[in-house]
Engineer: 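Below is the structure I would like to discuss, written out as structure tokens.
So that the names make sense, note that chain A is the first sequence line, chain B the second, and so on, each numbered from 1. Since the model is a prediction, treat every value here as computed from it, not as a measurement. Basis for what follows: all heavy atoms, side chains included, without hydrogens, waters or symmetry-related copies.
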Amino acid sequence: MAQEVEGRPLKETLALWTREQARLKARVVVRNTEAWQRDPAFSGLHRVGGVDVSFVKGDSGSACASLVVLSYPELQVLYEDSSMVSLTAPYVSGFLAFREAPFLVDAVQRLQAKEPSLMPQVILVDGNGVLHHQGFGVACHLGVLSDLPCIGVAKKLLQVDGLENNTLHREKIQLLQAGGDYFPLMGSSGAVLGVALKSHDHSTKPLYVSVGHKISLETAVRLTHHCCRFRIPEPVRQADIRSREYIHRTLELPGQAALKDPKAQRPKACPKEGSREPTDEA
DNA sequence: GCGACAG
DNA sequence: ATCTTGTCGC
């Protein structure tokens, strides 16, 4: 039995998605377009967005999509839009945008309708930009569809165009000294597709930053670093935290969980020392 | 058959 | 992505 997407064989769906990616890719802009992007201190930049989608444990169909807007440079949350969504498209590496981007575009449009003055001037996206099989990852996809500057921030290296998470790559990572240090990721074609960025002083694993839309790689890296209180840039981190919390508050109420799940009856004891952020080492 | 595989 | 654990890396 062949996998299908809305009654259409997956193979045909992938053919359609591939054509759509090529069509949208013609509209991507990989350079700075805004005045604040050229400013050494980012003066004129006041609002940075972050997006993420979190999933419900057992159910691969339901998820929570979150868009947050933070003040810059304070990084305080000014706006949040979290909503449950039903995912129809499957996850296929290289086509993440077709699964998640529609809900992120919806969130941007709700913001435009409700609080246009809070529209972010740039969005950090959980995933890749041009560092991608077809050079058009979810950060480019959201950027083109929303017409907003976007930056791709991935937690793992997408091994495309000859890039490999091999011994040499890991050695280069170990040479990164302080937060803000980075090295370029050059594809076999010779083009620099992104960078591996040490996002803060005590982070072991780098961030993989690439251009999404309407921003240069250099600016994208500099801004991403400026948004990092921990390993994951604050806009993406807040979207991740809030989408997760929304799910827990919505369908995993403590009382019900305790009744259903024996393991939930004994809540975990207090953490040993201070509170640590899951995605942040240090 | 085995390894890869953003989220 | 999510769950879970834990202590190199092939």
Engineer: What is the distance from CD of A/Glu164 to P of B/dG3, rounded to the nearest Å?
Structural biologist: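 So the CD-P distance, A/Glu164 to B/dG3, works out to 15 Å.
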
Engineer: Side chain of A/Asp52 only, please: which of C/dT2, B/dC5, B/dG7 is the nearest?
Structural biologist: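 Comparing C/dT2, B/dC5, B/dG7 against the side chain of A/Asp52, the answer is B/dG7.
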
Engineer: Taking atom P in both B/dC5 and C/dC10, what distance in whole Å separates the two?
Structural biologist: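 Going atom to atom, P in each nucleotide, I get 15 Å.
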
Engineer: Do the charged groups of A/Glu234 and A/Arg237 touch, with an N to O distance under 4.0 Å?
Structural biologist: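 Looking at A/Glu234 and A/Arg237, the cut-off is met.
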
Engineer: Tell me what A/Ser60 touches on the nucleic acid: a base, only sugar-phosphate, or nothing, going by heavy atoms under 4.0 Å.
Structural biologist: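 Counting heavy atoms under 4.0 Å across all strands, no contact is made by A/Ser60.
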
Engineer: NA contact type, A/Ser62, heavy-atom cut-off 4.0 Å: base, sugar-phosphate, or nothing?
Structural biologist: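 No contact.
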
Engineer: May I ask you to evaluate whether A/Arg170 reaches the phosphate of C/dC8, defined as a side-chain N or O under 4.0 Å from OP1 or OP2?
Structural biologist: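 Negative; the distance criterion is not met.
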
Engineer: Distance between the P atoms of C/dG9 and B/dA4, in whole angstroms?
Structural biologist: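 Each nucleotide's P atom is 16 Å from the other's.
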
Engineer: Expressed as a whole number of angstroms, how long is the span from A/Leu157:CG to B/dA6:P?
Structural biologist: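 From A/Leu157 CG to B/dA6 P: 9 Å.
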
Engineer: From the set B/dG7, C/dC3, C/dC10, return the single nucleotide nearest to any side-chain atom of A/Lys57.
Structural biologist: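 Of the options given, the side chain of A/Lys57 lies nearest C/dC3.
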
Engineer: So A/His226 and A/Tyr72, would you call those rings parallel, tilted or perpendicular, with 30° and 60° as cut-offs?
Structural biologist: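 Plane angle between 30° and 60°, so tilted.
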
Engineer: Testing the basics here: between A/Leu207 and A/Pro233, what is the closest heavy-atom pair and its distance to 0.1 Å?
Structural biologist: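 In terms of heavy atoms, the two residues are closest at CD2-CD, 3.6 Å.
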
Engineer: Nearest whole Å is fine: how far is C/dC3 P from A/Phe55 CZ?
Structural biologist: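 Result: 12 Å.
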
Engineer: Base, sugar-phosphate or nothing for A/Asp126? Non-hydrogen atoms, less than 4.0 Å.
Structural biologist: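 Result for A/Asp126 = sugar-phosphate.
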
Engineer: Whole angstrom is fine here: how far is it from CG in A/Asp240 over to C1' in B/dA6?
Structural biologist: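 Nearest whole value for this atom pair: 14 Å.
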
Engineer: Across the strands shown, which category fits A/Gly152 at heavy-atom distances under 4.0 angstrom: base, sugar-phosphate, nothing?
Structural biologist: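 No contact at all - A/Gly152 keeps every heavy atom at 4.0 Å or more from the nucleic acid.
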
Engineer: Can a donor-acceptor pair be found, under 3.5 Å and without considering hydrogens, that links the side chain of A/Ser71 to the backbone of A/Gln76?
Structural biologist: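 Yes: the side chain of A/Ser71 pairs with the backbone of A/Gln76.
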
Engineer: Identify every side-chain donor-acceptor pair in residues 123-132 of chain A under 3.5 Å, counting partners at least two apart or on other chains, and give the distances.
Structural biologist:
{"unit_1": "A/Asp126", "atom_1": "OD1", "unit_2": "A/Lys155", "atom_2": "NZ", "d": "2.8"}
{"unit_1": "A/Asp126", "atom_1": "OD2", "unit_2": "A/Lys155", "atom_2": "NZ", "d": "3.3"}
{"unit_1": "A/His132", "atom_1": "ND1", "unit_2": "A/Gln134", "atom_2": "N", "d": "2.9"}
{"unit_1": "A/His132", "atom_1": "ND1", "unit_2": "A/Gly135", "atom_2": "N", "d": "3.4"}
{"unit_1": "A/His132", "atom_1": "ND1", "unit_2": "A/Phe136", "atom_2": "N", "d": "3.2"}
{"unit_1": "A/His132", "atom_1": "NE2", "unit_2": "A/Gly94", "atom_2": "O", "d": "2.8"}

Engineer: Between C/dC10, B/dG7, B/dC5, which nucleotide has the shortest distance from any of its atoms to the side chain of A/Ser93?
Structural biologist: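 When the side chain of A/Ser93 is considered, B/dC5 is the closest of C/dC10, B/dG7, B/dC5.
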
Engineer: Can you figure out which of B/dC5, C/dC10, B/dG7 approaches the side chain of A/Gln159 most closely?
Structural biologist: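 Comparing B/dC5, C/dC10, B/dG7 against the side chain of A/Gln159, the answer is B/dC5.
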
Engineer: Quick one: are A/Tyr246 and A/Met84 in side-chain contact, heavy atoms under 4.5 Å?
Structural biologist: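 Sidechains of A/Met84 and A/Tyr246: in contact.
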
Engineer: Among C/dT2, B/dA6, C/dA1, which is the nearest nucleotide to the side chain of A/Lys155?
Structural biologist: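 Taking heavy atoms from C-beta onward, the closest nucleotide is C/dA1.
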
Engineer: From OH of A/Tyr208 over to P of B/dC5, roughly how many Å is that when rounded to an integer?
Structural biologist: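 The distance from OH of A/Tyr208 to P of B/dC5 comes to 12 Å, rounded to the nearest Å.
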
Engineer: Show the numbers, then the answer: is there a salt bridge (Lys or Arg N to Asp or Glu O under 4.0 Å) between A/Glu20 and A/Arg23?
Structural biologist: CA-CA 5 Å; A/Glu20 180 69 355; A/Arg23 191 177 73 82; 2.9 Å; yes

Engineer: By the 4.0 Å heavy-atom rule, please label A/Val138 as base, sugar-phosphate, or nothing.
Structural biologist: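 Here A/Val138 touches the bases of the nucleic acid.
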
Engineer: Send over the distance from A/Leu87 CG to C/dA1 C1', rounded to a whole Å.
Structural biologist: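 Going from A/Leu87 (CG) to C/dA1 (C1'), I get 10 Å.
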
Engineer: Is there a ring pair (Phe, Tyr, Trp, His ring centres under 6.0 Å) between A/Phe95 and A/His133? Walk through the geometry before answering.
Structural biologist: CA-CA 9 Å; A/Phe95 300 93; A/His133 303 72; 7.7 Å; no

Engineer: Answer with base, sugar-phosphate or nothing: what part of the nucleic acid does A/Phe98 contact at a heavy-atom distance below 4.0 Å?
Structural biologist: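 Nothing: the residue A/Phe98, judged by heavy atoms under 4.0 Å, touches no strand.
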
Engineer: Taking N and O atoms by type only, does the side chain of A/His133 place a donor or acceptor under 3.5 Å from a partner on the base of B/dA6?
Structural biologist: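 Such a pair does not exist between side chain and base.
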
Engineer: Return one dot-bracket line describing DNA chain B 5' to 3' (Watson-Crick or G-U wobble pairs, both distances under 3.5 Å; ( ) same strand, [ ] crossing, | another strand, . none).
Structural biologist: .......

Engineer: Taking NZ from A/Lys156 and P from B/dA6, how many angstroms apart are they, rounded to a whole number?
Structural biologist: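 Rounded to whole Å, this separation is 5 Å.
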
Engineer: Return the value, rounded to whole Å, for the distance between atom CG of A/Leu142 and atom C1' of B/dG7.
Structural biologist: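 That distance rounds to 14 Å.
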
